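For this chain, numbers begin at 1 and follow the sequence in order. These numbers come from the heavy atoms of this one structure, side chains and all, not from hydrogens, waters or symmetry mates. Bear in mind that the values here come from a model prediction, so they are computed numbers and not experimental data.
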Amino acid sequence: MAFPDHSTKDGGSTPDGPTGPDGVPHTRSGTPTGPAVHPVDELLPPVRLLSTGLQHVAAMYAGVVAPPLIVGAGVGLSPAELALLISASLFTAGLATLLQTLGFWKIGARMPFVNGVSFAGVAPMIAIAKEHGPKDALPVIFGAVIVAGLLCFLAAPYFCKLIRFFPPVVQGTVITLIGVSLLPVAVNWARGGAPGAPGFGSMRAIGLAAFTLVAVVLCNRLLRGFWQQLSLLIGLAIGTLLAFPLGLADFDAVGDAKVFALPSPFHFGAPVFDAAAIISLCIVMVVSMTESTADMLALGKIVDREADEQTLAAGLRADGLATAISPVFNGFAASAFAQNIGLVALTKIRSRFVVAAGGGILILLGLFPVLGSLVSLVPQPVLGGAGIVLFGTVAASGIRTLAEAGMESGANTILVSVSLGVGIIPIAAPTFYDAFPEAVRTLMHSGISAGCVMAVLLNLLFHHVGTDRRSTAGDTPGATVPTATPS
């Protein structure tokens, strides 16, 4: 039986009104006291709190470190700099998770909601790196991320009213393009990195990638429960161990890394605010906001505390603030991690303080660069084998969303086919937009940005312009969002 939801208007938990039977108030910001605490606000014993928090970290770890690995490789960082970027991503993911779970004022959903580095921004950031060159790429990326974060923060209370422009058919198209856009990156990794790299395309590199791919698949098939959730990490570890006798990995990066280091603000340079890059990542931020909204709605059902409009706005504010702050510490955009929602459903542990403990663990991992350097030991062929599974899973998630989007509609079929076609252009023909103005190149070189713009425009054309919006299949979001005065 579902636990009764005694949430107050401000998000707190009160069993019998403003105070519990013992007369002790139950506040939104602190740990509720009293006999009828909602499972979301339950504070578990320390040992159980830390162990279950560590499980959340294990479930999300690969997703947190993969984007800095991809972007770091794309901008040509040294192993030591790559370790720093990984540590920064872990540190900022921890801050973002604490902000979501504990919160303050009207910031933070105060649910067992994990935040980490958004995959959606990887492809546009690689496109920005190609446009501006490795030396100047990170400051431009960080500048665009800051603006995108501020956009999210300011737009949070109004975004729920715009969610109808991002129905499942648009969301599914964009998520599919995220996976498809990243698959060529995985293929190049599987071949050894980039054309011209030593041993690129050799059977040794491709064989190692294939071995890793098989290891990940078998781990997922044979393991159960918690260990099955770690199948990607186990596959990466197995592939890396095999890489040492093959001469494709060494411990040089670990020897150069510091054991402990406080984050160095703007280590890669002061942020640069480039208009085209900002537009590109703001589009990605809107997509991330859509995904976060859907994830909060799903999590609310799982924990028996409905995510109303105030909760959604508070959660999106946390996304925006964490995203705007992350570049200061050399991190990227933060968004929801859906795999952890599945973990909440699997374990039935609904306490937000468990996830907060996971956020604390992430911060500690980020403060020890030597741990990040261990991750950077993973050679690119190994990362490529695992990346095929990882990025393919993202594409499959988009296809699953499309399957629920009313594809029997001819309009939706045209929307998806044209948007996917436009999004695949820069993948199939990377030089297609070379003759276009710089602003267009930066925006359209990313398949996700190009496809998202096209999907939104076609959704407006087919389901909003000159039609009764309430009667169109494509205008139905994945879940109903209450309309109310902005928070």
Side-chain angles (χ1 to χ4, degrees), residues 67 70-77 118-148 151 170 173-189 191 193-197 200-201 269 271-287 332-333 391 394-395 398 414-462:
I70 299 168
V71 176
V75 300
L77 295 183
S118 172
F119 254 110
V122 172
M125 287 190 288
I126 291 177
I128 292 170
K130 291 178 180 179
E131 186 69 28
H132 293 271
K135 183 178 179 181
D136 301 321
L138 284 177
V140 173
I141 290 171
F142 288 149
V145 169
I146 290 173
V147 176
L151 168 70
V170 174
T173 301
V174 174
I175 296 170
T176 301
L177 279 171
I178 292 172
V180 172
S181 296
L182 292 174
L183 279 171
V185 176
V187 172
N188 276 332
W189 281 348
R191 299 175 70 191
F200 180 79
V272 174
F273 300 98
D274 177 82
I278 288 171
I279 293 172
S280 182
L281 287 186
C282 280
I283 290 173
V284 170
M285 197 70 228
V286 171
V287 175
F332 301 116
F391 304 152
V394 176
I414 293 294
L415 186 155
V416 174
S417 59
V418 174
S419 300
L420 287 176
V422 171
I424 289 173
I425 287 175
I427 303 172
T431 60
F432 186 87
Y433 295 106
D434 282 1
F436 286 65
E438 181 179 350
V440 177
R441 288 202 307 270
T442 302
L443 179 64
M444 302 302 284
H445 267 162
S446 164
I448 178 177
S449 298
C452 181
V453 169
M454 183 56 63
V456 170
L457 292 176
L458 289 177
N459 180 58
L460 287 171
L461 175 64
F462 285 120

Between Val284 and Pro124 the two heavy atoms that sit nearest each other are CG2-CG, 3.4 Å
Tightest non-hydrogen contact, residues Ala144 and Leu281, listed as CB-CD1, 3.5 Å
>> Less than 4.5 Å apart, side chain to side chain, heavy atoms only: is that true for Ile126 and Val122?
In response: yes
Closest non-hydrogen atoms of Ala333 and Val145, given as atom of the first, atom of the second and distance, are N-CG1, 3.8 Å
Rounded to the nearest 0.5 Å, the OG1 atom of Thr173 sits from the CE atom of Met454 at a distance of 12.0 Å
Pairwise side-chain contact, Ile141 with Phe332, heavy-atom cut-off 4.5 Å (strictly under): yes
Report task. Check step by step if side chain to side chain contact (heavy atoms under 4.5 Å, CB included) holds for His132 and Val272. Result -> CA-CA 11 Å; His132 293 271; Val272 174; over 6 Å; no
Between Leu177 and Gly451, the two heavy atoms sitting closest are CD1-CA, 3.5 Å
Open item on the list: Walk me through whether Leu151 and Val147 qualify under side chain to side chain contact (heavy atoms under 4.5 Å, CB included).
Closed with: CA-CA 6 Å; Leu151 168 70; Val147 176; 5.6 Å; no
Note: Ala129 and Ala137 closest approach over all heavy atoms is CA-CB, 3.6 Å
4.5 Å side-chain heavy-atom contact, Leu77 and Leu138
yes
What side-chain donor-acceptor pairs closer than 3.5 Å can you find for residues 417-427, not counting sequence neighbours?
{"from": "Ser417", "atom 1": "OG", "to": "Thr413", "atom 2": "O", "distance (Å)": "2.9"}
{"from": "Ser417", "atom 1": "OG", "to": "Ile414", "atom 2": "O", "distance (Å)": "3.0"}
{"from": "Ser419", "atom 1": "OG", "to": "Leu415", "atom 2": "O", "distance (Å)": "2.7"}
{"from": "Ser419", "atom 1": "OG", "to": "Ala455", "atom 2": "N", "distance (Å)": "3.2"}

query = Can you say whether the rings of Tyr433 and Phe436 are parallel (under 30°), tilted (30 to 60°) or perpendicular (over 60°)?
reply = perpendicular
